[in-house]
Protein chains: 2
Amino acid sequence: MLTETLKALSEPTRFYIVELLKERPYSVNECAEYLEIRQPQASKHLRVLSDAGLVSVKTVAQKHIYSLNPEAFCQLEDWIGSFGMLWEKRLDRLGEDLREGKERDDSRSGI
Amino acid sequence: MLTETLKALSEPTRFYIVELLKERPYSVNECAEYLEIRQPQASKHLRVLSDAGLVSVKTVAQKHIYSLNPEAFCQLEDWIGSFGMLWEKRLDRLGEDLREGKERDDSRSGI
DNA sequence: TAGGAATATTCTTTTATAAGCATATTCCTA
DNA sequence: TAGGAATATGCTTATAAAAGAATATTCCTA
């Protein structure tokens with residue numbers, strides 16, 4: 001479900017965690033330290049991100065190393081990509097209309 | 001704030017409204033009808049989407065016609081795009097390492 | 001200008017979730 | 001194997017937001 005992904009990302013603290021993980025994988029304590037939150041909160045937020053498929057865990061000794069999970073972001077990218085066509089379509093129609101010398105009727109453009 | 005955009009989209013009903021508006025602009029009542037929700041809810045959800053910059057309104061007589069706002073989606077697309085580089089970078093490193101005949105150390109790959 | 005159509009707002013109730021704190025769990029090492 | 005490091009979980013409280021119902025607002029038209 002895309003909405004779960006979006007929901008997980010919409011929480012500011014989790015958003016920052018994801019931004020942090022862009023740099024490199026981090027352990028739970030490292031996340032907590034960098035974001036200046038307590039360890040349990042970091043753990044919980046990472047769990048939400050994990051449940052949403054946004055991050056993966058790798059266990060090294062006692063440490064749980066979290067890293068971004070490409071698939072989830074590709075899925076999001078695909079969805080966002082499905083909008084780009086809309087603006088292009090409208091520009092296409094605008095172009096056609098201009099070539100045909102039509103008056104532009106914005107009630108049809110959706111802009 | 002990107003988190004506001006994400007939050008607005010993360011609500012299932014609003015997500016469907018956005019999907020509906022992909023097709024063409026819709027009035028409040030039309031949205032309510034298609035999504036089988038009551039008019040006030042549609043109005044409220046559209047307000048949230050509007051506050052987040054995801055939709056624009058055009059008033060035609062008493063009707064408020066809502067349509068998607070390209071800028072917001074482009075912003076999202078830019079952000080999502082900033083992740084694509086990461087996977088590529090990793091593939092690049094993998095490629096380099098292979099050419100150099102190195103042993104792969106996954107603790108550095110973040111995958 | 002009165003009436004109705006279309007939309008927005010207010011208020012209440014309910015539900016979801018984030019934070020805080022304590023504690024449990026897991027696993028390495030001396 | 002006892003102790004400590006790293007992480008996870010449970011419980012409570014506080015806050016945010018969604019739904020429902022009633023009502024207010026805006027604006028066109030006869």
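Numbers restart at 1 for each chain; the letters A, B, ... are given by sequence-line order, proteins then strands. Side chains are part of it too, since the values below use all heavy atoms of this structure and drop only hydrogens, waters and symmetry mates. Being a predicted model, the structure only gives us computed values, none of them experimental.
- Under the Watson-Crick or G-U wobble criterion, with both distances below 3.5 Å, dT23(C) is paired with dA8(D).
- Distance CZ (F15(A)) to C1' (dA18(C)): 18 Å, rounded to an integer number of Å.
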Assess whether side chain to side chain contact (heavy atoms under 4.5 Å, CB included) is satisfied between I17(A) and L35(A), documenting all intermediate values. CA-CA 8 Å; I17(A) 289 179; L35(A) 299 184; 3.1 Å; yes
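- Here the P atom of nucleotide dT9(D) and the CZ atom of R38(A) are 20 Å apart, to the nearest Å.
- When distances run from any side-chain atom of K63(B) to the nucleotides dA8(C), dA6(C), dA6(D), the shortest one goes to dA6(C).
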Can L68(A) and W87(B) be said to form a side chain to side chain contact (heavy atoms under 4.5 Å, CB included), step by step? CA-CA 10 Å; L68(A) 298 183; W87(B) 332 135; 4.0 Å; yes
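- You'll find that the side chain of Q62(A) is closest to dC28(C), out of dT9(C), dA6(C), dC28(C).
- With distances taken from any side-chain atom of S27(B) to the nucleotides dA19(C), dA19(D), dT7(C), the minimum falls on dT7(C).
- Contact annotation: H45(A) side-chain N/O to dA19(C) OP1/OP2 distance is under 4.0 Å.
- Taking side-chain N and O atoms only, H64(A) has a distance below 4.0 Å to OP1 or OP2 of dA8(D).
- Look at CD on E30(B): it is 16 Å from P on dA5(C), rounded to the nearest Å.
- At whole-Å resolution of the value, CG in L46(B) and P in dA8(C) are 7 Å apart.
- The two residues E30(B) and P25(B) make their nearest non-hydrogen contact at OE1-O, 4.5 Å.
- You'll find that the side chain of K44(B) is closest to dT10(C), out of dT7(C), dT10(C), dC21(C).
- dA8(D) atom C1' lies 15 Å from atom CG of L49(A), rounded to whole Å.
- Between N29(B) and the phosphate of dA5(C), there is no side-chain N or O to OP1/OP2 separation shorter than 4.0 Å.
- With hydrogens and angles left out, the side chain of Q39(B) and the base of dA8(C) share a donor-acceptor pair within 3.5 Å.
- The side chain of R47(A) lies closest to dT9(D) when the candidates are dT9(D), dC28(D), dA18(C).
- Under a 4.0 Å N-O distance rule, the pair K22(A)/E19(A) qualifies as a salt bridge.
- Nucleotide dT13(C): paired with dA18(D) (Watson-Crick or G-U wobble, both distances less than 3.5 Å).
- As the counterpart of dT29(C), dA2(D) is assigned, both hydrogen-bonding distances of the Watson-Crick or G-U wobble pattern falling under 3.5 Å.
- Atom CD of E33(A) is separated from atom C1' of dA5(D) by 15 Å (rounded to the nearest Å).
- Distances were taken from every side-chain heavy atom of Q41(A) (C-beta onward) to each of dA8(C), dG20(C), dA6(C); the shortest belongs to dG20(C).
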Could you walk me through whether Y26(B) and Y66(B) satisfy the ring-ring contact (aromatic ring centres under 6.0 Å, His included) test, starting with their C-alpha distance in whole Å, then the side-chain angles of each, then the deciding distance to 0.1 Å, before giving a yes or no? CA-CA 5 Å; Y26(B) 277 89; Y66(B) 285 86; over 10 Å; no
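- No more than 12 heavy atoms of other residues, nucleotides or ligands sit less than 6.0 Å from atom OH of Y16(A).
- Residue contacts shown for T59(A) are absent, as no nucleic acid heavy atom lies under 4.0 Å away.
- Of the candidate nucleotides dT7(D), dA19(C), dT7(C), dT7(C) has the atom nearest to the side chain of V28(B).
- Between Y26(B) and dT7(C) there is no side-chain polar atom (N or O) within less than 4.0 angstrom of OP1 or OP2.
- The NZ-P distance, from K7(B) to dA17(D), rounds to 4 Å in whole Å.
- For I37(A) and dA19(C), the CD1 to C1' distance is 10 Å, given to the nearest whole Å.
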